[in-house]
Visitor: 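Handing you this structure, nothing more for now.
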Amino acid sequence: MMNHVNSTLRRIAPQLVILAGVLLLNFLVFPDFFRIEFQHGRLFGNLIDVLNRGAPTALLCIGMTLVIATRGIDLSVGAVMAIAGAVAAALVVDGHSWQVALLGALCAGALCGAWNGVLVAVLRIQPIVATLVLMVAGRGIAQLVTEGTILTFVNPGLVHLGSGTVVGIPTPILIWLGLGLIVTAVVRKTALGMLIEAIGINESSSRLAGINSRVLIISVYLISGFCAALAGVIVAADIKGADANNAGLWLELDAILAVVIGGNSLLGGRFSIIASLLGALIIQSVNSVILLSGMPPEFNLVIKALIIIAILVIQSPTVKHALYILRASADPLPPGSIKEAKESPQ
Amino acid sequence: ADLTIGFSQIGSESGWRAAETTVTKQEAEKRGINLKFADAQQKQENQIKAIRSFVAQGVDAILLAPVVATGWDNVLEEARDAEIPVILLDRTVDAPDDLYMTAVTSDLVHEGRVAGQWLVDETAGAKCDIVELQGTTGSSPAIDRKTGFEEAIAGHDNLTIVRSQTGDFTRSQGKVVMESFLKAVGGENICALYAHNDDMAVGAIQAIKEAGLKPGEDIKIVSIDSVPDIHLAMANGEANATIELTPNMAGPALDALEAYLADGTTPPKWIQTESKLYTLNDDNMAIYEMKKDLGY
Amino acid sequence: MIRSTHLPLLITIATFLLAYTLCGWQYPAMLSTRVLANLLTDNAFLGIAAVGMTFVILSGGIDLSIGSVIAFTGVFLAVILRDTSIHPLLAFALILLITISFGAAMGAMIHYLEMPPFIVTLAGMFLARGAAYVLSTDSVPITHEFYDTLQSLYWKAPGGGRFRLTGLIMLLTFAAGIIAAHRTRFGQNVYALGGGLQTARLMGVPLAKTTIGIYATSGGLAGLAGIVFSLYTSAGYSLATVGVELDAIAAVVIGGTLLTGGTGFVAGTFFGILIMGLIQTFIVFDGTLSSWWTKIVIGGLLFGFILLQKGLTWATTLRRKPAPEFAAQS
Amino acid sequence: MASAIGPVLECKGISKFFPGAIALDAVDLTLYPGEVHALLGENGAGKSTLIKCLTGAYRRDAGTIVLENREISPNSTQESQKLGIGTVYQEVNLLPNLSVAENLFLGRQPMKRGLISQRKMHAMASDLLAEFGLVINPAEPLSSYSVAVQQVIAIARAVELSGKVLILDEPTASLDRDEVELVFSVIEKLKARGLAIVFITHFLDQVFEISDRATILRNGRVIGTRRLAETTQTEIITLMLGRQLEARVQDRAPAETGDILVELRNYGRRGVIEPFDLTVRKGEVVGLAGLLGSGRTETANLIFGAIQADQGEALLEGGKISLKNPREAVAHRFALCPEDRKNDGIVGDLSVRENIILALQARQGWFRPLPKAKVNELAEAYVKALDIRLASLDMPIRLLSGGNQQKVLLARWLATNPAFLILDEPTRGIDVGAHAEIIALIERLREDGLALLVASSEMEELVAYSTRVIVLRDRRQMRELKGEEITTANIVSAIADEPMAGAVR
Ligand SMILES: Nc1ncnc2c1ncn2[C@@H]1O[C@H](COP(=O)(O)OP(=O)(O)OP(=O)(O)O)[C@@H](O)[C@H]1O
Ligand SMILES: Nc1ncnc2c1ncn2[C@@H]1O[C@H](COP(=O)(O)OP(=O)(O)OP(=O)(O)O)[C@@H](O)[C@H]1O
Ligand SMILES: [Mg+2]
Ligand SMILES: [Mg+2]
């Protein structure tokens, strides 16, 4: 047990360090950054904002981590968010209860995910292209539901999901934390995680070992669609309206980035959802630096790009390897290479 | 014979844009015009492609809502050579004016100026720190509305913009950015919000409410477009002013076109639409009811 | 000689011809030289960028930065031609140098730091777009008379179609790309990389040189595409060509290149571009689709083409010889 | 003979450390021109690692390499190729997406006016392959040929590249007798040309047939170098294993002992394998013999559902079953140890432990995870039973030596407790010690009542354990040999489709 915690900690150490670094940067540009108050029945502060605003990316990256572990990618999550938000809004506007709306949205998301999964697993279309189809068409479907308008609603139950609080903590934070824990538990307490990794590493071997790769691949896309739907509902609930055109726009890139910053390989295989979630928080903290710094908006992208490049360079296998050598050279034992065949020439 | 007109629309990136599309389609239907609609998904290259395709099809006229002012010379020349009149909607272009028949637009800088002037009048010399929610970085409404606003408040030392960040013209970004303004500046230190469109203002109103402040009172809110939801907010006293950008650009455009086709009357090069200021003195509930079915 | 490896290419060509015939049958005006010329002119910048993308994808990588690089190129040219008096040709050389180095830098990061291309080029995408913003958020017109000269170079075909210089540049780029892919060592190394990085390494393929070369090519071609785009619009605009990388990827894939790398053809990409252009032209000719139906139809047609291609490939391989299911490269 | 001339290549004190393992410990190796030098050792002894250090695929941690009196330090395989060292690495390392000719001449394509001349390249490729007895279309992609053909192509490429030294790491593992002869004749030619050739294999008779000297490695250390003319197989084996290998006397088990377990009727797939009938009884080992490309692998894959049959029916203990995919086969307690272990066998980044339990876990379903204790127990038991050499059960399987990977795969399937075990080239890349163990294991499994189907190119091996042998040719079952008929000579003549000597049918 202790062992397990230890190895998890070791796995996510780089992400923790980077997160601490970016939060420190926040503190430097805005000294009140770490102040948290209890105001108007809710926790209030920049740190809470990071957790709260990180919710959509965090939710997306839960599903995305699993998809990427199977060597896939899901570009459609942003569009699925729009669809789910539109469905939820349309349902409450039609007079249904928020529970029905939530259920409807989640079903829509899962359906989208299943569609992607079928394209990838059954029709064997490459993941990027398969999900590109829904990425392009999905926003259209969402607009079809809202008929191009921003569909606003007032249903307090649904609104609560986006901007409400439970014992002072914003609901979105609880949702992503909860879902993250549940999925992690399901994946690690059963054999699901290992089987998904096996498929990602060598699908042909896995299939010959009797793994039902088709069903597993469909399910990871389904989970991804489900997570996206939840994110979509939250985003819509947050602004009390479904904005089919802009909800989740380009968020798929942030989700993928989060997974990579979480140290997961885009080539599939070993994965850690917790590390991805930390990745999502890191991205949100970067956004927070940009907002708090008060720089003119035309510098936003350059700043974001530079911070991300710095993070990725620190995380890159080569730099890690160099650090390892540096540390190991202090040891009496001869330094070995950690990877076979991957050593950089010179 | 029936007129066939091509309409190259930018996209459907905002409620206002959707309303413009709806109104244009309605106006065409009213006049018995066969409207070919092409949505460019926010891309200029798609608009150019659409115009070229309209020319290849031999439509009778083209309505163009250009996504950006530059880069139209070549394709407009092709339309002129094919003797197809082009009318610009809601934005003009940087091309010689013999390349199009007329432009039906509002004045974006003027809109910003009206918003600024309203704030100048409203504060009446009292000190006021303003936060600004810009439109999508680089888009011409964002640039022009900023310019106009700054022109209007220039010389009024009581008015200063303390924070300005982009909210991408969307509600959710409007809310997120407003949240960060509230934390970074402190809600009590903000006296007014100027948002480049109503959607961002609607998002910001929610952020202000969640921070425990009263939008419209603690923080005055002025924005542009006059979409139904801002009127609803104004009816509730949560926003203070909006400047209308009418979605009906096609009406005047088609009037001009029909006159031209009937007896060759050449319209003026610029048909300016009104930038009407709505404040709490108007019957906002009635305006909301009137506008809410226009497809915003 | 028709070989089994050429099959996807033939299928793409067949798909295009079939689709074009159907379009022409529906709207005879689509067979005019105007539409043909438009297909070339309007897609010139996309085609040029897609050639670079083809190399990248053949090597098993991906380049998400090209849309931003095109926009940056446009803004850079516009700003430099506005603020200085240097000749556009010199400016072209300068920007090509910049974009090639930018691509090479990304390639170097990918190779030496062993980072996945998806992420490196994603960062590149942010950086290039951000740099464009920093140069100018306004859309800047280009008024140099050299631009007018270049723009006036076209051949007006009977029927009103104008075949412009930019279309010719695209065709030349494709020709060069085809030769480079199949008849040079660099091209072969690209295919080798796509076949398997470790294996290619053991076979003695110079990985560093090739990887850097690939992304430099892609960057350079994105720069050329940016020049063509600036000729196309006579302006530089930092918000231009958002998402073009996805169009390019779609064109490459419709053209029969596998995203996993190693198999595909530059010529296929050409037809992929034409197919995408055809879809758009068809939608405009139809003219009845609302904004959202436009998206759905584009997505649906994209899906249809992929499915058609899958189906044809499947049908033909079934007849030839069944590859054991598990042996198919996953 | 060669010692009068100086050595071509001299390695001194080469060391390579991996976390948890010392793969090479100050290894010396000297190669003289015109000699074939065998590199021998158990699985995991460090042979492949030595080759990789030598050719720059790995960076060595210590030691010097001297090529023709000049110290070299290749940093990449490209560099070593330029220095005239051609290498065939253990797993076939060619590119499946390129054509045969492109694979052969990658990096050295014939140029004409600055461009590659395809025509010339194809002509050169055809000529080169003809030397190895391969008449194939060099324009076809490599992936359309079997592993064995690919192996020959890899050898041809290395031969082309080697100006001074040719290194072959288990080149003959998937070749049958005829191909081996062809490869040997090429080696003889190169030898005469004065090349130094390093030859790694686990087939000792091949070593004695072609090699002049042998260096034996054990646990990363050089145990000794012997002139083969002056030594015996027993000595070599003793050096390799550090113990003597007790000879086993086999008495052939009677054929058709138990009840019928699996029966296939008119089973086949168009274009892949002609329809065939096959019954396998409990407690028998059916051998599949045939030349390369004769369809042994296809037969195995078809039965396991890796390829779907399009005609015929399958019965298990008299009841009809469907075998549409491996999952269904596994559910019927079938098991298949595939031929291509790199692509179809191992899951490289998973740990050895996970690789062992993979099939069992897949059969149990994801929601019923094997308890940790059970997993460890299984893994440790098989590591011990099959003598798998590893630093830790947690290391990724791809870091294991080839032979040890093969054993892990065997463990994976044994862990599922199969009723019907299909082995495709089970001893490929396995050292002599383990080879004997695996043959003994097959015997033991048969005695336990398992039904086994074994495809192998090693006829002696088939003769040793089969109770029945089916000979394939051109994807068609040619003949069945039973009991006393099973001799190498009979298999050979069956393959050649000559009347059988001895027994009457
Ligand atoms: N990258 C690596 N990391 C850790 N250990 C490794 C790595 N590569 C090889 N080893 C270990 O080094 C030892 C030598 O392996 P090597 O592949 O050289 O054996 P071999 O003699 O070629 O065996 P075989 O006959 O089975 O091919 C093995 O114990 C193996 O597990
Ligand atoms: N000499 C050859 N020339 C051309 N094709 C060959 C040759 N040898 C094998 N093939 C190809 O190999 C494939 C069959 O290989 P398969 O692996 O099934 O045979 P096998 O009997 O298992 O033999 P092995 O496992 O020794 O390769 C066929 O597709 C065949 O076209
Ligand atoms: Mg080895
Ligand atoms: Mg075989």
Visitor: Would you mind checking which part of Thr33(C) comes under 4.5 Å of any heavy atom in chain B, side chain (CB onward), backbone (N, CA, C, O), both or neither?
Guide: neither
Visitor: Given a strict heavy-atom distance threshold of 4.5 Å, which part of Thr241(C) is in contact with chain B: side chain, backbone, both, or neither?
Guide: both
Visitor: Does the side chain to side chain contact (heavy atoms under 4.5 Å, CB included) test come out yes or no for Asp138(C) and Ile143(B), once each step is laid out?
Guide: CA-CA 7 Å; Asp138(C) 249 331; Ile143(B) 295 166; 3.1 Å; yes
Visitor: Measure across Ser12(B) and Lys295(C) and return the closest heavy-atom pair with its distance rounded to 0.1 Å.
Guide: OG-NZ, 3.8 Å
Visitor: Could you give the distance from CG (Asn38(C)) to CD1 (Ile48(B)), rounded to the nearest 0.5 Å?
Guide: 11.0 Å
Visitor: By a 4.5 Å heavy-atom criterion (distance strictly below it), what part of Ser139(B) contacts chain C: side chain, backbone, both, or neither?
Guide: both
Visitor: When rounded to the nearest 0.5 angstrom, what is the spacing between CG in Leu39(C) and OG in Ser53(B)?
Guide: 8.0 Å
Visitor: Decide, yes or no, whether a salt bridge links Arg162(C) with Glu77(B) under the criterion of side-chain N to carboxylate O below 4.0 Å.
Guide: no
Visitor: Between Leu239(C) and chain B, which part of the residue has a heavy atom less than 4.5 Å away: side chain, backbone, both or neither?
Guide: side chain
Visitor: Would you give the length of the straight line joining atom CD of Gln44(B) to atom CZ of Phe229(C), rounded to the nearest 0.5 angstrom?
Guide: 5.5 Å
Visitor: So, the side chain of Tyr237(C) versus the backbone of Gly138(B): is there a donor-acceptor pair under 3.5 Å, distance only?
Guide: yes
Visitor: Between Asp247(C) and chain B, with a heavy-atom cut-off of 4.5 Å, which part of the residue counts as in contact: side chain, backbone, both or neither?
Guide: side chain
Visitor: Just so I understand: if I count every heavy-atom pair under 4.5 Å between each of Thr137(B), Asn46(B), Asp81(B) and chain C, which residue has the most?
Guide: Thr137(B)
Visitor: What part of Gln42(B) lies closer than 4.5 angstrom to a heavy atom of chain C: side chain, backbone, both or neither?
Guide: neither
Visitor: Looking at every heavy atom in both Ala56(B) and Arg34(C), which two are closest together, and how far apart are they?
Guide: CA-CD, 3.6 Å
Visitor: Can any side-chain N or O of Lys36(B) pair as donor or acceptor with the backbone N or O of Thr288(C) at less than 3.5 Å?
Guide: no
Visitor: Kindly indicate whether the side chain of Lys43(B), heavy atoms from C-beta on, has any atom under 4.5 Å from the side chain of Val242(C).
Guide: no
Visitor: Do Ser291(C) and Asp39(B) have side-chain N/O donor and acceptor atoms under 3.5 Å apart?
Guide: yes
Visitor: So which part of Asp73(B) gets closer than 4.5 Å to some heavy atom of chain C, the side chain, the backbone, both or neither?
Guide: neither
Visitor: Report the distance from atom OH of Tyr147(C) to atom CG of Asn74(B), rounding to the nearest 0.5 Å.
Guide: 12.0 Å
Visitor: For Leu231(C), is it the side chain, the backbone, both or neither that has a heavy atom under 4.5 Å from a heavy atom of chain B?
Guide: backbone
Visitor: Which heavy atom of Phe54(B) sits nearest a heavy atom of Val284(C), and at what distance?
Guide: CE2-CG1, 3.7 Å
Visitor: Report the residue from Ile283(C), Thr41(C), Asp42(C), Thr281(C) that forms a side chain to side chain contact (heavy atoms under 4.5 Å, CB included) with Lys49(B).
Guide: Asp42(C)
Visitor: Heavy-atom count around Gln26(C) CD within 6.0 Å, excluding the residue itself: above 12?
Guide: yes
Visitor: About how many Å separate OG1 of Thr233(C) and CD of Glu45(B), when rounded to the nearest 0.5 Å?
Guide: 9.0 Å
Visitor: Between the side chains of Thr70(B) and Ser139(C), does any donor sit under 3.5 Å from an acceptor?
Guide: yes
